[in-house]
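The block underneath contains the structure these notes are about, expressed in structure tokens.
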2 protein chains.
Amino acid sequence: MGNLDTTFAALSHGTRRAILARLMHGESRLSDLAEPFNMSQTAVSKHVRVLSDAGLLIVEKRGRARHCRLNAEPMKVATDWLIDYQAFWTHQFDNLAQHLAGEGD
Amino acid sequence: MGNLDTTFAALSHGTRRAILARLMHGESRLSDLAEPFNMSQTAVSKHVRVLSDAGLLIVEKRGRARHCRLNAEPMKVATDWLIDYQAFWTHQFDNLAQHLAGEGD
DNA sequence: GTATCACTGAACCATTTGGTTGACAATATA
DNA sequence: TATATTGTCAACCAAATGGTTCAGTGATAC
């Protein structure tokens, strides 16, 4: 749990990103999360499991319901990794790359 | 190509992230990319294909070699998506969530 | 022209993923 | 107690993923 592999893998599915987006508005029960999706509750439950394993949300058993809430911490780690490439998407990454290559490793 | 699904999926494998990291230092031939990895060149070629399909690198045929160079643009899109959650990992995302939930959707 | 290098494509394989259904467990309600 | 709600677990399935090997293609070097 919590490594870049599992974080990025968890984020690579639209349904799971939609679940996270929903949880930005506040915590939600699993059945409420499942309602808008055109799939079985079991399927949504599996997606929640993937997100939970990745540490992106926290499930709390309360009565017979499971309440999910966002835990964005792993996203920070993922973002930190991506940010290293910022220079390459902002401007002349092409030149920079050639420059670095020219300087010898 | 270029959607969040394929971008995050491409980033979810350590080998592929290592390839991208290597390309930060400048472009590289496929065989040079493959060298440090303990797997066949075919396997690396497949990873490069995944990255290429995701738009994260550009392959240019030059003579008999394939030269790969970084294209970080899709990372910006992924980062933009992640940044929306920044408030939830910086401070009291818990309180914020409860506040938003309390305010009614 | 022939051999070598760099790479792709096809076939294969094991594992994972994303979905289904049906049975069950646990909790709340009537 | 009986019943409905909430969710999990197990079994199953098709498709995708990540790797292999072997054969072939196209460009370079000798």
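All chains are named by letter (A, B, ...) in the order of the sequence lines, taking the proteins before the strands, and each is independently numbered beginning at 1.
Distance from the side chain of B/A65 is smallest for C/dC7 among the nucleotides C/dC7, C/dG19, C/dT27.
Each of A/M39 and A/R64 has a nearest nucleotide on DNA chain C; the 5'-most of these lies closest to A/M39. Nearer the 5' end of DNA chain C, as judged by each residue's closest nucleotide, is the contact made by B/V59, out of A/Q41 and B/V59.
When only modelled atom types and interatomic distance are considered, B/H67 and B/E60 share no side-chain donor-acceptor pair under 3.5 Å.
For the atom pair NE2 (B/H47) and CE (B/M39), the distance works out to 4.5 Å, reported to the nearest 0.5 Å.
The residue A/T15 sits apart from the nucleic acid: no heavy atom pair falls under 4.0 Å. Residue-level contact check: B/S40 touches the bases, meaning some heavy atom is under 4.0 Å from a base atom.
For C/dG18, one of the phosphate oxygens OP1 or OP2 lies less than 4.0 angstrom from a side-chain nitrogen or oxygen of A/R16. Residue B/S45 has no polar side-chain atom (N or O) positioned under 4.0 Å from OP1 or OP2 of C/dC7.
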Pair A/D5, B/R17 - check salt bridge (charged side-chain N to carboxylate O under 4.0 Å, His left out), show working. CA-CA 9 Å; A/D5 275 30; B/R17 288 197 306 278; 2.8 Å; yes

Applying salt bridge (charged side-chain N to carboxylate O under 4.0 Å, His left out), run through B/E27 and B/R62 and close with a yes or a no. CA-CA 12 Å; B/E27 71 170 37; B/R62 215 139 78 212; 2.5 Å; yes

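Nucleotides of DNA chain D lying under 4.0 Å from heavy atoms of chain B occupy a range whose first and last members, 5' to 3', are D/dG18 to D/dT28.
With sequence neighbours excluded, no residue forms a side-chain hydrogen bond (donor to acceptor under 3.5 Å, both in side chains) with A/D84.
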Polar atoms only, N or O, under 3.5 Å: list the protein pairs with nucleotides 11-13 of chain C and their distances.
none

